[in-house]
Amino acid sequence: MKHIDFEFDGKTYALSFTAEALFTVYDKFGYTSDILKTTQVLEPTLEGWKNCCWLAALMASQGELQRRNRGEDRQAMVTMEQLRSGFMAAESHRLRAAVRDALEQGFQRDVPSEDEDQEVNLVLLEREEAEKKTKAAAAAVVRSWLRRLTDCTSAPKTP
């Protein structure tokens with residue numbers, strides 16, 4: 001199973017972004033194609049830090065369940081409260097980086113390919129298409145306003 005090892009309070013936890021974790025995030029924050037933006041786990045705010053600790057605890061519990069499923073010895077699960085109060089400000093970046101890495105690994109697909117450049121990231125593709133549509137709509141609005149302004153400020157066309 002894929003996971004990111006993360007050390008906290010002298011213990012190593014396996015952060016694993018499983019399908020269960022994904023749907024738990026959807027239940028809490030709603031369906032989104034950009035979990036980092038929606039949860040704000042990388043934002044330097046109190047809400048972002050709380051969400052980061054919540055997500056890390058969720059992924060650590062999934063990692064621990066995977067360990068137990070493989071027959072490894074049980075370990076205590078880390079809680080959101082332990083994570084929230086257990087970091088000095090200068091160390092908080094370690095947890096944020098581990099959460100980001102675990103999310104990336106959770107969404108990474110193992111696609112056998114002769115040329116890795118051919119792999120398509122569906123989230124990025126969806127985002128690029130939405131951006132193209134937005135830019136096209138904005139350009140149409142600009143052209144419409146320019147046409148209206150030109151008509152208002154230009155001398156009337158007379159034969």
- prompt: Are Leu103 and Phe8 grouped together when hydrophobic residues (ILVMFWY) are joined by side-chain heavy atoms under 4.5 angstrom apart?
  reply: yes
- prompt: Going from CD on Gln40 to CD1 on Ile35, what distance comes out if it is rounded to the nearest 0.5 angstrom?
  reply: 13.5 Å
- request: Over all heavy atoms of both residues, which pair between Asn51 and Thr39 is shortest? Give the atoms and the distance, please.
  value: ND2-O, 2.7 Å
query: How long is the gap from CD on Glu20 to CE on Met59, to the nearest 0.5 Å?
result: 14.0 Å
query: Do Glu43 and Glu47 touch side chain to side chain, with heavy atoms closer than 4.5 Å?
result: no
- prompt: Are Val25 and Tyr31 joined in one hydrophobic group, where the rule is that I, L, V, M, F, W and Y side chains link up if heavy atoms are under 4.5 Å apart?
  reply: yes
message: Give me the atom names and distance for the closest heavy-atom approach of Leu42 to Arg100.
response: CD1-CD, 4.3 Å
Pairs under 3.5 angstrom only: tabulate donor-acceptor contacts from the side chains of residues 76-90 to other protein residues two or more places apart or in another chain.
{"unit_1": "Thr79", "atom_1": "OG1", "unit_2": "Gln82", "atom_2": "N", "d": "3.1"}
{"unit_1": "Thr79", "atom_1": "OG1", "unit_2": "Gln82", "atom_2": "OE1", "d": "3.3"}
{"unit_1": "Gln82", "atom_1": "OE1", "unit_2": "Thr79", "atom_2": "N", "d": "2.7"}
{"unit_1": "Ser85", "atom_1": "OG", "unit_2": "Glu81", "atom_2": "O", "d": "3.0"}

- prompt: Who are the salt bridge (Lys or Arg N to Asp or Glu O under 4.0 Å) partners of Arg96, not counting sequence neighbours?
  reply: none
task: Might you confirm whether atom CZ of Arg74 has over 12 heavy atoms from other residues, nucleotides or ligands at distances under 6.0 Å?
output: no
task: Determine, stepwise, if the pair Lys135 / Glu131 fulfils salt bridge (charged side-chain N to carboxylate O under 4.0 Å, His left out).
output: CA-CA 6 Å; Lys135 285 181 181 179; Glu131 190 174 302; 3.3 Å; yes
- request: Using side-chain contact (heavy atoms from CB on, under 4.5 Å) as the criterion, list what pairs up with Ala21, not counting sequence neighbours.
  value: Phe17, Thr18, Leu58, Gln62
query: More than 12 non-hydrogen atoms from neighbouring residues, nucleotides or ligands closer than 6.0 Å to NZ on Lys11, yes or no?
result: no
- request: Among residues two or more places apart or on two chains, list those pairs meeting ring pair (Phe, Tyr, Trp, His ring centres under 6.0 Å) that have a residue in residues 51-86.
  value: Phe29-Trp54
statement: CG (Leu95) and SG (Cys52) are apart, to the nearest 0.5 Å, by 4.0 Å
task: Please name all residues satisfying salt bridge (Lys or Arg N to Asp or Glu O under 4.0 Å) with Asp34, sequence neighbours left out, ordered by chain then number.
output: Arg127
message: Angle between ring planes, Phe23 versus Tyr26, binned at 30° and 60°: parallel, tilted or perpendicular?
response: perpendicular
query: For Gln75, does its backbone N or O pair with a side-chain atom of Glu64 as donor and acceptor, under 3.5 Å?
result: yes
- prompt: How far apart are the closest heavy atoms of Leu15 and Ala56, and which atoms are they?
  reply: CD2-O, 3.5 Å
Under the side-chain contact (heavy atoms from CB on, under 4.5 Å) test, residues paired with Thr12 that sit two or more places apart: Asp5, Glu7
